[in-house]
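Shown next, in structure tokens, is the structure this report addresses.
So that the names make sense, note that chain A is the first sequence line, chain B the second, and so on, each numbered from 1.
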Amino acid sequence: MKSAVAATVTTALPAQPQHGAARAKVGEEKNKEADGDDRVILHFDYDCFYASVIENAHPALRTRPLGVRQKSILATCNYVARTRGVRKLMPVAQARAACPDLVVVCGEDLAPFRDASRRLWAFLRGAVAGARTERLGLDEVFLDVTAAVVYNRALLNPNALRDSFFHLSAEDPERGFTFDATRFAGCVHPPPDGQGEQHAGAGAAVLDDPVRVRLMLASHLAGYLRRRLEEDFGYTSSGGISTNKVLAKLVGSVNKPRNQTTLLPVQGENTIQEFLDAHQIREIPGIGSRTSSIIADHLFPPGKAVRAGHQEPEQQTPSGITVRDVLRYPDMSPALLSRILDRPGAERGGGKKIWNLLHGRDASEVKEAGVAPTQISVEDTYMARPLNTLPEALRELSVLATSLVRRMRADLTTAAEELTDPSSAGSAGLPLGTQQKRRWLAYPKTLRLSTCAHPGKSGSVSSTSNPSFSRISRSQPLPSFALDLGRPCAEVAERLVREALLPLFRRLHVGRAAGWNLALLNVCVANMVPVAGDGSSGSGGGAGGRDISRMFRTQGERLREWSAWDDDATTTTTTTTTMMSSPSLSPPRDRNDLFDGKAEGGAVANGGSEEKNDVEDAGSASAETELWAVDDGDSDSDVGWEDEDGDSVAQQRCAACGHVVPTFAMSAHERFHAMGD
DNA sequence: TGGGGTCCT
DNA sequence: AGGACCC
């Protein structure tokens, strides 16, 4: 995978912004069969997120075993509970049996979790200039921090690595943190002490490897961000640092609660493939249960004898087939994999994609999520008492519809900041001072209703292989009255039921007036169309409108914001070489060394258990387009880096502008002035 | 055995 | 409209 002399960083960029699609294509080609070592990706996973949200609202629960329930299972539980034998996704009854004093909290309403997730996400989005952030579910975030890391690598001072300063913005030299560039923050994946290692620690010959230096920098960035998440927001997290999304995410789970892991290449060894080889294929993100079982069935046809080569039953995740098993299979190849997975409806590049994942290659980009979701759905299940009559169904539909309308208003509108004159505001019939004008950021074009019949009640199917019985759905255009902000949610919802959802329901269940045995109802709006004049919403569903402004915020533009050259031929090589010879690129002292003095959990406490203080703090603080290029073609490391000895954060005042700047930021700061033209 | 999401066909 | 994937 990794070649010793990669030197591929994409800082040299065309002068003009590129069209998003064009840029993506270039990216694909570049990553096609190449290393894909040219990015730096962070993955954060908030530890037992739902439980943490509850704990932050009720700090007294922090020390008690806590489970968060949805219907009859625990969506998650805190680590105290896990100590007592409680597991994620465990039935509530079983959990109580294992831990009688378990505190169980209902988590069926996702609003508090959604709010907390958005607050953390807003912080991360604004934290690193030029980074892209992508949310996965409510509790995971990817960041592409390539630009910031490349920039900071160019600024490393080989004479004072221990007192390095990481710039979070090229625009504001004071924004950042100090760190020790002679070591990684947190854990690294093949552990330096590892028995097999004959390299001296994590060190020696390796630091002339630019990938490794970037990962070292990224580990400190990840450590800093996680510390902020914990200290400022009360959420601990696990982090993974690597060169693409799948590896970052995978390696993040190596040291799970409240820690982080950097996956580093080791020269002359294929440590990344070894890391992957040991995983069950089902554990690789992107390889789901369907693909897993198809592969398993092909490699070891169900009729035949059990695998001989495997000594242990290994009662872990399903199938037991590892990445190594697949790759070592006779004549295994992308083509064979494609044939195995080929079936009607299969994804086109599917085989090749899986093949790449099995090798740790993942060219997918970190996608900046729009402020508006592309879909909003509300659902409820009725396992215990399936719906069979129209009055029941209508009652539930109206509950769901009310909640849907409320969510549309919460997630798809924003405060209207138009400079409306007081008289026109008053004419809307609301008190002047308290008027909450909202306007749509994006509006859905489609309304969809889905149902699902009860698996066991009337029909067949009890198979474990059946992942919840399949849904059926019907959709229609969303009536425009659904967008009327002047009426109460419940009123809009009732009309929605009568005029849209009921007809959809009849289309779903033609010919039967009752007795459907419905175990699930789902109401969904989709196909969001951004409102013209606002650049912040989801992907255009139809021909409606494309979000032009977002298409220009491509990776190229982000990199240009930082734009320090990463040419290994220049002074940076000196930097890294010198770095190597520095006393120790020591192994992490300890697995939990990141937050030294701190005793136990966040302590943010969040004051009283104030119920809701919500509403849109999410919008602000995103990384602005700070378009200025630090051209650091030369001059770098020697000039301006005297033998500064000051232990902690030495500062200087800039003669040009009077800003107080950390000494290690001074060089960058001066270039800032030089740039100004 | 939940209550959500995304993308592709 | 459905299926695959993710949490």
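- The phosphate of B:dG3 has OP1 or OP2 within less than 4.0 Å of a side-chain N or O from A:Lys71.
- Not one side-chain nitrogen or oxygen of A:Ser72 sits closer than 4.0 Å to the OP1 or OP2 atom of B:dT1.
- You'll find the side chain of A:Ile54 reaches within 4.5 Å of the side chain of A:Phe113, heavy atoms only.
- Atoms CD1 (A:Ile287) and C1' (B:dC7) sit 17 Å apart, rounded to a whole Å.
- The CD-P distance, from A:Glu108 to B:dT1, rounds to 14 Å in whole Å.
- A donor-acceptor pair under 3.5 Å links the side-chain atoms of A:Asp47 to the main chain of A:Arg258, judged by distance alone.
- Atom pair A:Arg343:CZ and B:dC8:C1' shows a separation of 12 Å (rounding to whole Å applied).
- Between A:Ser377 and B:dG3 there is no side-chain N or O to OP1 or OP2 distance below 4.0 Å.
- If you check every strand for non-hydrogen atoms under 4.0 Å, A:Glu140 touches sugar and phosphate atoms only.
- Checked options A:Thr261, A:Leu263, A:Leu276, A:Leu357; the residue passing with A:Leu250 is A:Leu276 (criterion: side chain to side chain contact (heavy atoms under 4.5 Å, CB included)).
- Across all strands shown, A:Leu110 has heavy atoms under 4.0 Å from sugar-phosphate atoms exclusively, and none from any base.
- The nearest whole Å value for the distance from the OH atom in A:Tyr382 to the P atom in B:dG3 is 9 Å.
- The side chain of A:Arg407 contributes an N or O atom lying less than 4.0 Å from OP1 or OP2 of B:dG5.
- Between A:Ile73 and A:Gly345, the residue anchored closer to the 5' end of DNA chain B is A:Ile73, taking for each the nucleotide with the nearest heavy atom.
- Taking every side-chain heavy atom of A:Arg114 into account, B:dG4 is the closest of B:dC7, B:dG3, B:dG4.
- No side-chain heavy atom of A:Val378 sits under 4.5 Å from any side-chain heavy atom of A:Val399.
- Using a 4.0 Å heavy-atom cutoff across all strands shown, A:Arg474 reaches sugar-phosphate atoms only and no base atom.
- Between the CZ atom of A:Phe49 and the P atom of B:dG4 there is a distance of 15 Å, given to the nearest Å.
- Using a 4.0 Å heavy-atom cutoff across all strands shown, A:Pro285 reaches sugar-phosphate atoms only and no base atom.
- Atom CG in A:Asp380 sits about 10 Å away from atom C1' in B:dG2, given to the nearest Å.
- Listed by chain and residue number, A:Glu134 satisfy the salt bridge (charged side-chain N to carboxylate O under 4.0 Å, His left out) test with A:Lys367 (two or more places apart in sequence, or in another chain).
- Among the protein residues, A:Gln375 comes within range of the nucleic acid bases, having at least one heavy atom under 4.0 Å from a base atom.
- Between A:Lys367 and A:Gly137, the residue anchored nearer the 5' end of DNA chain B, judged by the nucleotide with its closest heavy atom, is A:Gly137.
- Remark: P of B:dT9 and CG of A:Asp342 are 13 Å apart, rounded to the nearest angstrom.
- A distance-only check finds no donor-acceptor pair linking the side chain of A:Asp45 to the backbone of A:Ser253 [under 3.5 Å].
- Taking every nucleotide of DNA chain C with any atom under 4.0 Å from a non-hydrogen atom of chain A, the first and last of them, 5' to 3', are C:dA1 to C:dC7.
- Within 4.0 Å of A:Lys88, counting heavy atoms only, lies no atom of the nucleic acid at all.
- Under 4.0 angstrom from either OP1 or OP2 of B:dT9 there lies at least one side-chain N or O belonging to A:Arg348.
- A donor-acceptor contact shorter than 3.5 Å links the side chain of A:Ser117 to the backbone of A:Leu138.
- A:Glu347 places its CD atom 6 Å from the C1' atom of B:dC8, with the value rounded to the nearest Å.
- The residue from A:Ile340, A:Asp325, A:Leu358 that alone fulfils the side chain to side chain contact (heavy atoms under 4.5 Å, CB included) condition with A:Met332 is A:Ile340.
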